[in-house]
Visitor: 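I'd like to ask you about the structure that follows.
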Amino acid sequence: MISELLSSAVAGALRSLGVDDVPAGVTMERPANPDHGDWSTNAALVCQKIVGKNPRQFGQELLDALQADTPQYVVKMEIAGPGFVNFFLDNSYLQSILKQVVDAGQDGFGQLNIGEGKRVNVEFVSANPTGPIHAGGGRWGAYGDSLARIMTRCGYETHREYYINDRGVQTQIFGQSLTARKTGEEIPENGYAGQYIVDWAAEMPDDVDPIEWGIERSLEDARETLESMQVHFDTWSSEKALVEAGLMEQTMVDLRESGYVYDEDEATWLRTSDFGDDQDRVLIKSDGEPTYFLPDIAYHRDKYDRGDLLIDVLGADHHGYVPRMRAALQILGYKPEQYEAVIGQNVKLMRDGAEVKLSKRTGTMIEIRELVDEVGPDVARLAYLLQSVDTPQTIDIDVLKANAAENPVFYVQYANARIHSLNRTAMERELTRVPLGEVDVSVLNDERELAVLKELSRFDEVVAAACANRAPHQVTTWARELARVFHGFYHHNKILAEDVDPAVAQARWWLAEATGVGLAVALDLLGVRAPERM
RNA sequence: GCUCCCGUAGCUCAGCUGGAUAGAGCAUCGGACUUCUAAUCCGACGGUCGUAGGUUCGAAUCCUACCGGGGGCGCCA
């Protein structure tokens with residue numbers, strides 16, 4: 001990578017000036033302002049105290065040292081501002097990107113090895129199987145799935161998991177509600193009153209266990225809806241199966257052995273406060289029933305069979321749950337860094353200008369299904385991935401419907417469709433493409449051509465950052481940016497027109513091809529389709 | 001009371017683990033289709049980065065306090 005090449009040149013120059021260890025704050029970054037070059041280092045600013053010189057003066061010495069052995073591709077270096085050393089690259093650097101992207105292709109572009117095969121288990125959505133998933137849960141589906149795709153791209157071995165709370169009080173009330181609707185009785189107190197219960201009860205055969213049938217019905221709905229948004233899971237883990245297999249009891253035994261379990265007020269407690277939780281937690285209630293916490297510990301432990309690092313994607317309303325789980329896992333001997341929770345801000349759902357609160361009592365909700373049916377899976381999915389998961393998100397279904405055509409997903413998809421259209425036209429005209437190895441890419445010197453290449457050259461960094469920050473939306477931002485510079489290029493730089501120099505046409509054609517690779521990979525990471533025509 | 005997240009253009013949001021003159025989209029206004037898809041492009045308008053301090057060569061970014069919005073603090077799940 002060019003930044004590494006420049007960094008090591010700077011390190012070498014610093015050494016020749018008596019700074020043997022490069023201070024931590026020294027960076028090599030892309031200046032926002034093109035007047036400041038392609039890359040810039042703050043080395044002289046950071047080193048000013050060490051060397052006891054003012055940064056402009058030391059910067060000049062650094063510059064002289066660098067000029068003794070100018071790094072590859074660098075055509076100009078200068079000292080600027082308070083003491084930055086700026087590097088200007090020859091266009092041949094960006095031009096060389098073209099071949100790299102095309103050679104890498106969709107399989108290899110942005111394929112990194114940060115993860116080094118480390119196994120990561122990502123759990124997300126995990127909504128109670130007592131009804132359809134509401135549109136708020138869609139955010140975690142889109143997020144979790146894309147995070148997994150990005151981590152896979154970065155060389156992690158990822159496993160996507162959905163936890164099914166298929167035992168306990170909620171499932172019983174759910175089953176009773178179904179039965180009540182089927183027989184025409186009143187639903188129980190605190191029962192589920194949504195319209196879907198009525199619909200599902202009508203589907204339910206007579207000779208089935210309403211709980212089991214209802215859970216299966218819920219899961220079927222969840223699977224179908226999530227798959228329609230290209231959200232995929234490798235494992236659907238049943239709490240019930242886990243308990244029946246004795247994992248919960250075994251976990252209880254092992255927790256007792258740890259010495260952090262005690263009995264008080266007829267209940268059994270875990271001393272999580274020794275590990276950063278603000279209070280101890282009950283494992284077994286005074287009525288002898290386990291809390292939700294205990295089987296969940298067993299479940300997390302079980303997940304370590306499918307990953308060395310666990311990532312739970314949780315809504316902000318479950319935030320308080322994290323310290324106790326981290327504590328429990330530490331008590332069982334896992335390292336704190338083996339458990340990670342991504343806390344996403346909850347989605348606010350709106351319809352008819354008012355907030356729709358998910359209410360089991362009245363049964364009001366907006367289902368993911370409704371959203372997907374109304375705006376299509378791509379618009380829905382990208383809507384979730386437009387923003388940081390830290391940002392509270394409002395999904396106003398009316399606004400989204402009305403503005404579906406303005407959704408950025410079409411902007412990106414359209415760029416891709418234009419590239420395919422270009423190829424179709426070329427085929428119709430029976431134009432032949434010269435192999436890239438024989439094409440003179442040095443003709444690509446137009447501002448817009450270089451802008452496209454520059455975006456493509458950033459992709460590895462973007463993917464790496466999106467992975468490290470657990471931030472799929474950074475890929476969204478990049479995809480929009482690539483589409484933007486491509487549209488500008490496409491509009492102003494004709495490719496197949498007759499008055500274009502054939503050598504230039506070939507180079508531009510390959511540039512479009514490379515852009516297509518970038519768009520396809522980015523859209524795939526986002527779980528959005530890349531249609532060939534629109 | 002304790003704690004987590006957010007506050008950036010009229011609206012929705014980016015801002016890459018501290019960089020130089022803070023950016024997109026939408027909205028508004030004005031332009032560009034006999035030529036590879038106008039679901040596009042080009043331009044204009046638009047900012048005390050919630051407030052006040054602090055850290056430093058440098059702060060939207062880090063720290064503290066406060067203001068405002070949302071969430072969490074069960075022998076619920």
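Here is how names work: the chains are called A, B, and so on, in the same order as the sequence lines, proteins then strands, and each is numbered from 1.
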Visitor: Counting any heavy atom closer than 4.0 Å, what does Ala417(A) reach on the DNA or RNA strands: base, sugar-phosphate only, or nothing?
Guide: base

Visitor: Compute whether any side-chain donor of one residue and acceptor of the other, for Gln170(A) and Tyr292(A), lie under 3.5 angstrom apart.
Guide: no

Visitor: What does Leu45(A) touch in the nucleic acid at a heavy-atom separation under 4.0 angstrom: a base, only the sugar-phosphate, or nothing?
Guide: base

Visitor: Between Trp269(A) (side chain) and Ile284(A) (backbone), is there a donor-acceptor pair under 3.5 Å?
Guide: no

Visitor: Between atom CG of Leu94(A) and atom CG of Leu444(A), what is the distance when rounded to the nearest 0.5 Å?
Guide: 10.0 Å

Visitor: Under 4.0 Å, heavy atoms only, any strand: does Asn493(A) hit a base, just the sugar-phosphate, or nothing?
Guide: base

Visitor: Would you classify Thr476(A) as touching base, sugar-phosphate or nothing, given that sugar-phosphate means primed atoms plus P, OP1 and OP2, and contacts are heavy atoms under 4.0 Å?
Guide: nothing

Visitor: Can you check the distance between rU17(B) and rA60(B), where both ends of the measurement are the C1' atom (answer in whole Å)?
Guide: 14 Å

Visitor: Using a 4.0 Å heavy-atom cut-off, does Thr477(A) contact any base of the nucleic acid, only the sugar-phosphate backbone, or nothing at all?
Guide: sugar-phosphate

Visitor: Does the structure show a Watson-Crick or G-U wobble partner for rC62(B), both distances under 3.5 Å? Name it, or say none.
Guide: rG54(B)

Visitor: Going through the distances and angles, do His491(A) and Arg448(A) end up as a side-chain hydrogen bond (donor to acceptor under 3.5 Å, both in side chains)?
Guide: CA-CA 10 Å; His491(A) 192 89; Arg448(A) 297 175 198 278; over 6 Å; no

Visitor: Expressed as a whole number of Å, how far does the C1' atom of rA20(B) sit from that of rC57(B)?
Guide: 12 Å

Visitor: Does the side chain of Ser421(A) come under 3.5 Å of the side chain of Arg533(A) through a donor N or O and an acceptor N or O?
Guide: no

Visitor: Test your reading of the model: is there a side-chain donor-acceptor pair from Arg429(A) to the backbone of Leu496(A), 3.5 Å cut-off?
Guide: yes

Visitor: Picking from rC6(B), rC41(B), rC57(B), which would you name as closest to the side chain of Gln48(A)?
Guide: rC57(B)

Visitor: Let's go through Arg139(A) and Gln393(A) carefully: what are the C-alpha distance in whole Å and the side-chain angles of both, what is the deciding distance for side-chain hydrogen bond (donor to acceptor under 3.5 Å, both in side chains) to 0.1 Å, and is it a yes or a no?
Guide: CA-CA 9 Å; Arg139(A) 185 176 204 185; Gln393(A) 190 169 43; 3.0 Å; yes

Visitor: Expressed as a whole number of Å, how far does the P atom of rU48(B) sit from that of rC63(B)?
Guide: 25 Å

Visitor: Could you tell me whether His473(A) and Tyr143(A) have their ring centroids closer than 6.0 angstrom?
Guide: no

Visitor: Strictly by modelled atom types, are Glu161(A) and Tyr299(A) linked by a side-chain donor-acceptor pair under 3.5 Å?
Guide: yes

Visitor: Select from Gln393(A) and Leu422(A) the residue whose nearest nucleotide in RNA chain B is closer to the 5' end of that strand.
Guide: Gln393(A)

Visitor: With C1' as the reference atom in both, quote the distance from rA39(B) to rA14(B) in angstrom, rounded to an integer.
Guide: 22 Å

Visitor: For Asn42(A) and rA59(B), what is the distance between atoms CG and P respectively, to the nearest whole Å?
Guide: 14 Å

Visitor: What does rG18(B) pair with, Watson-Crick or G-U, if both distances are under 3.5 Å?
Guide: none

Visitor: Looking only at atom P, what distance separates rG46(B) and rA65(B), rounded to whole Å?
Guide: 38 Å

Visitor: Now, which nucleotide makes the Watson-Crick or G-U wobble pair with rC2(B), with each of the two distances under 3.5 Å?
Guide: rG72(B)

Visitor: If only side-chain N and O atoms count, and only distance matters, is there a donor-acceptor pair under 3.5 Å linking Arg326(A) with Thr272(A)?
Guide: no

Visitor: Taking the chi torsion of rC33(B), is it syn (within 90° of 0) or anti (everything else)?
Guide: syn

Visitor: Let's see if you can work this out: which of rA14(B), rA38(B), rC36(B) has an atom nearest to the side-chain heavy atoms of Thr425(A)?
Guide: rC36(B)

Visitor: Roughly how far apart, to the nearest Å, are rG25(B) and rC45(B) at atom C1'?
Guide: 16 Å

Visitor: Determine: side-chain N/O of Asn469(A) to OP1/OP2 of rU17(B), distance under 4.0 Å, yes or no.
Guide: yes

Visitor: Between His492(A) and Val389(A), which has a closest nucleotide on RNA chain B that is more 5'?
Guide: Val389(A)

Visitor: Give the rounded distance in Å between these two atoms: CD1 of Ile395(A) and P of rU12(B).
Guide: 14 Å

Visitor: Might you list the N or O atoms of the protein lying below 3.5 Å from N or O atoms in nucleotides 69-77 of chain B, with each pair's distance?
Guide:
from    : atom 1 : to        : atom 2 : distance (Å)
rG71(B) : O2'    : Ala316(A) : O      : 3.0
rG71(B) : O2'    : Asp317(A) : N      : 3.4
rC75(B) : O2     : Ser286(A) : N      : 2.6
rC75(B) : O2     : Ser286(A) : OG     : 2.9
rC75(B) : N3     : Ser286(A) : OG     : 3.3
rC75(B) : N4     : Asp265(A) : O      : 3.0
rC76(B) : OP2    : Lys285(A) : NZ     : 2.7
rA77(B) : OP2    : Tyr292(A) : N      : 2.9
rA77(B) : O2'    : Asn128(A) : ND2    : 3.4

Visitor: On a whole-Å scale, what distance lies between the C1' atoms belonging to rC41(B) and rC36(B)?
Guide: 15 Å

Visitor: Starting at atom CG of Asp396(A), determine the distance to atom P of rU12(B), rounded to an integer number of angstrom.
Guide: 12 Å

Visitor: Within this structure, what is the CG-to-C1' distance between Asn407(A) and rC13(B), rounded to whole angstrom?
Guide: 13 Å

Visitor: Is the distance between the ring centroids of Trp140(A) and Phe124(A) less than 6.0 Å?
Guide: no

Visitor: Does any nucleotide pair with rU28(B) by Watson-Crick or G-U wobble geometry, both distances under 3.5 Å, and what is it?
Guide: rA44(B)

Visitor: Please give the nucleotide sitting opposite rU35(B) as a Watson-Crick or G-U wobble pair, both distances under 3.5 Å, or none.
Guide: none

Visitor: In whole Å, what separates the C1' atom of rA38(B) from that of rC33(B)?
Guide: 6 Å

Visitor: Quickly work out the Asn423(A) CG to rC36(B) P distance and round it to whole Å.
Guide: 15 Å

Visitor: When you compare the side chains of Gln345(A) and Asp390(A), does any donor N or O come within less than 3.5 Å of an acceptor on the partner?
Guide: no

Visitor: Under 6.0 Å between ring centres: does that hold for His300(A) and Tyr339(A)?
Guide: yes

Visitor: Would you classify Lys49(A) as touching base, sugar-phosphate or nothing, given that sugar-phosphate means primed atoms plus P, OP1 and OP2, and contacts are heavy atoms under 4.0 Å?
Guide: sugar-phosphate

Visitor: In whole angstrom, give the distance that lies between atom CZ of Arg56(A) and atom P of rA20(B).
Guide: 16 Å

Visitor: CZ of Arg470(A) versus P of rU17(B): gap in Å, rounded?
Guide: 13 Å

Visitor: Ignoring the backbone of Ala80(A), work out which of rA20(B), rG15(B), rC41(B) is nearest its side chain.
Guide: rA20(B)

Visitor: Give none if rG7(B) has no partner; otherwise give the nucleotide forming a Watson-Crick or G-U wobble pair with it, both distances under 3.5 Å.
Guide: rC67(B)

Visitor: What one-letter contact string describes nucleotides 21-35 of chain B from 5' to 3', where B marks a base within less than 4.0 Å of any protein heavy atom, S marks contact via sugar-phosphate atoms alone, and - marks no contact?
Guide: B---S----------

Visitor: Rounded to whole Å, how long is the line connecting atom CG of Asp312(A) with atom P of rC4(B)?
Guide: 19 Å

